[in-house]
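Each ligand, and each atom within it, is numbered from 1 in the order the structure gives.
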Amino acid sequence: MKAVGGIRLDVTGTENFLSAADLQAMAPAVLAAAAELEQGTCPGSEYLGWLDLPDRITEEEFQAIEASAARAREDSSLYVVIGIGGSYLGSRAILDALGGSAEGCPEILFAGTGLCSASLSRVLKKCKGRDFRICMISKSGTTLEPAVAFRTLRTMLEDQFGKEGAAERITAITDTSRGALRQLATEEGYETYIIPDNVGGRFSVLTPVGLVPLAVAGVDVRALVAGASSMRKACLAEDMSANPAHMYAAVRHGLYQQGFTTEVMSTFHSDLQTVQEWWKQLFGESEGKGGEGIFPASTVFTTDLHSLGQYVQDGKRNLQETFLCVRNAVSELTVPGDEAEGGNLDGLNYLTGRTLDDINWKAYEGTKNAHLSGGVPCTSLEIDRITPEVIGGLLFMFEKAVGVSGRLLGVNPFDQPGVETYKKEMFRLLGKPS
Ligand code: PA5
């Protein structure tokens, strides 16, 4: 496939399992699934607001976010984002992919992503005595993990800056009117942003949920949204060979029907590890229901070639693999020569002057060849360079693909009924009053 928005989808590594004719035969079902989304006739249609989100963000919204980010940059060196699941994974994925906060911008910390006391203690220790702000994100406003972290960090902020000073340093991003966080924000006078009713958590990265923390970190959020907007247009194409979301959805579904029930996303670029985590949440929560769904897993190579690589090469043959690759990273690091007499004891002179990126790319090509020979159907998403535009396009492409793919499975991609089961059990054991 030709590159779209700086991303090239290559499905030639699946040809031994899915012929061009097989894919052609799937095209009508893929188009029907996409039409259900566009026309709002699918189950969960009340959560389709993400579909045109990149084109709905107004100049005023951008300006409000940029102004709030400028205030945070002026008085804070740390910015703590509190949220779990879709309320933090998108901003963290993009921030990690871009190598962290820009120079002169606050360091972004994440809290409330679990209940581990060691992890929250580290955040508290780092913030103590420092100029920090809190961005509390919860659509429902009732999720236990972020609520506990918020109460703890807010207490510390109030101790440091007084109640009023703390209120000026808190941003709440939540539902329009419902939930405990909305009530608290109104009563305490926090700055607030709304998560639209029709956008679910895991699809919310292009709402203030993702845009506010990213703007604070100095990310060009307009470029991010522009990338998503271009990808949205490309993903409306009827011809599957020009539509990366449709092609990706079709290939992984066709392979699933043949028993490839686990999809491993493998990257050779460790900065993309959190993008893999975001992808796992998006696909796991959207597809895994009613006894259906491709299990999303991930590996970071070459590190994991020395652990999980053995299984991928040679274990149970129910794996399909999607490579997420970057051809040119930002560093020009090369292998130094060792021309001294008696040198080259490590035998590496054949690599002298080669960039690490070039060597890493060969590792990707070699690994793909090896896994193909081991009977693993391989798809690749190849990126030249990570920029806000490209990453915005990539995330939107996955969102569109999971909508289509969920409908091909016959599930409602926009709910997560299974998540409630652990909550009920946990609250019962904790003795939560009903
Ligand atoms: O995708 C989803 O809806 C979930 O992963 C939520 O984002 C997550 O459970 C957090 O929920 P909330 O924002 O209501 O605290």
Side-chain angles (χ1 to χ4, degrees), residues 43-51 53 80-94 110-116 120 134-154 170-185 190 192-214 274-289 293 296 395-396 398-403 405-406 411-427 432:
S45 58
E46 65 277 26
Y47 290 112
L48 286 171
W50 55 273
L51 261 179
L53 202 51
V80 188
V81 176
I82 303 178
I84 196 165
S87 289
Y88 90 102
L89 273 167
S91 59
R92 187 164 190 173
I94 294 169
F110 291 90
T113 63
L115 290 165
C116 169
L120 183 57
I134 295 174
C135 180
M136 169 62 182
I137 309 177
S138 178
K139 183 164 189 204
S140 62
T142 57
T143 311
L144 182 69
E145 294 89 335
V148 167
F150 184 44
R151 183 183 277 208
T152 312
L153 277 149
R154 196 179 71 224
I170 295 174
T171 300
I173 306 182
T174 188
D175 183 81
T176 337
S177 55
R178 283 164 300 188
L181 180 58
R182 168 58 59 190
Q183 195 186 338
L184 187 64
Y190 303 152
T192 59
Y193 289 92
I194 288 168
I195 310 176
D197 283 349
N198 60 359
V199 180
R202 59 190 174 275
F203 291 86
S204 68
V205 62
L206 298 176
T207 70
V209 171
L211 300 182
V212 170
L214 289 168
T274 330
V275 170
Q276 294 174 309
E277 294 306 316
W278 176 88
W279 169 86
K280 285 198 282 198
Q281 190 220 359
L282 182 71
F283 280 79
E285 263 189 6
S286 302
E287 289 191 334
K289 48 199 78 158
L395 299 197
F396 188 86
F398 281 135
E399 289 181 351
K400 186 72 190 281
V402 84
S405 172
V411 302
N412 171 355
F414 308 114
D415 64 0
Q416 54 284 327
V419 179
E420 295 312 309
T421 319
Y422 99 89
K423 287 186 190 168
K424 259 193 212 141
E425 221 12 52
M426 174 179 72
F427 287 137
K432 184 182 179 187

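Listed by atom number, the atoms of ligand 1 under 4.0 Å from T143 heavy atoms are 11 (O), 12 (P), 14 (O), 15 (O). Remark: ligand 1 atoms within the under-4.0 Å shell around heavy atoms of S140 are 12 (P), 14 (O), 15 (O). Of all atoms in ligand 1, numbered sequentially from 1 with element shown, those under 4.0 Å from a heavy atom of E285 are 1 (O), 2 (C), 4 (C), 5 (O). Close approach of ligand 1 to G86 is summarised as follows: ligand atoms under 4.0 Å from at least one heavy atom of the residue are 5 (O), 6 (C), 7 (O). Which parts of ligand 1 touch K139 is read off a 4.0 Å heavy-atom cut-off, strictly below it: atoms 12 (P), 13 (O), 14 (O). Remark: ligand 1 atoms within the under-4.0 Å shell around heavy atoms of I84 are 7 (O), 8 (C), 10 (C).
For atom 5 (O) of ligand 1, the closest heavy atom belonging to the protein is Q281 NE2, 2.5 Å. The protein atom (non-hydrogen) at minimum distance from atom 3 (O) of ligand 1 is G201 N, 3.4 Å.
Residues F414 and L48 have side chains in contact (heavy-atom distance under 4.5 Å, counting atoms from C-beta outward).
Using a 4.0 Å threshold on non-hydrogen atoms, atom 14 (O) of ligand 1 counts as touching the protein.
Geometrically, R154 engages F150 in a cation-pi contact defined by less than 6.0 Å to the ring centre and at most 45° from the axis.
Ring-plane geometry between W50 and F396 is classed as tilted, the angle between the planes lying from 30 to 60 degrees on a 0 to 90 degree scale.
To the nearest 0.5 Å, the span separating CZ on F398 from CH2 on W279 amounts to 7.5 Å. The OG1 atom of T192 lies 11.5 Å from the CG atom of L184; values are rounded to the nearest 0.5 Å.
For A172 against A185, the heavy-atom pair with the smallest separation is CB-CB, 3.9 Å.
The residue from V148, I170, I82 that alone fulfils the side chain to side chain contact (heavy atoms under 4.5 Å, CB included) condition with L153 is I82.
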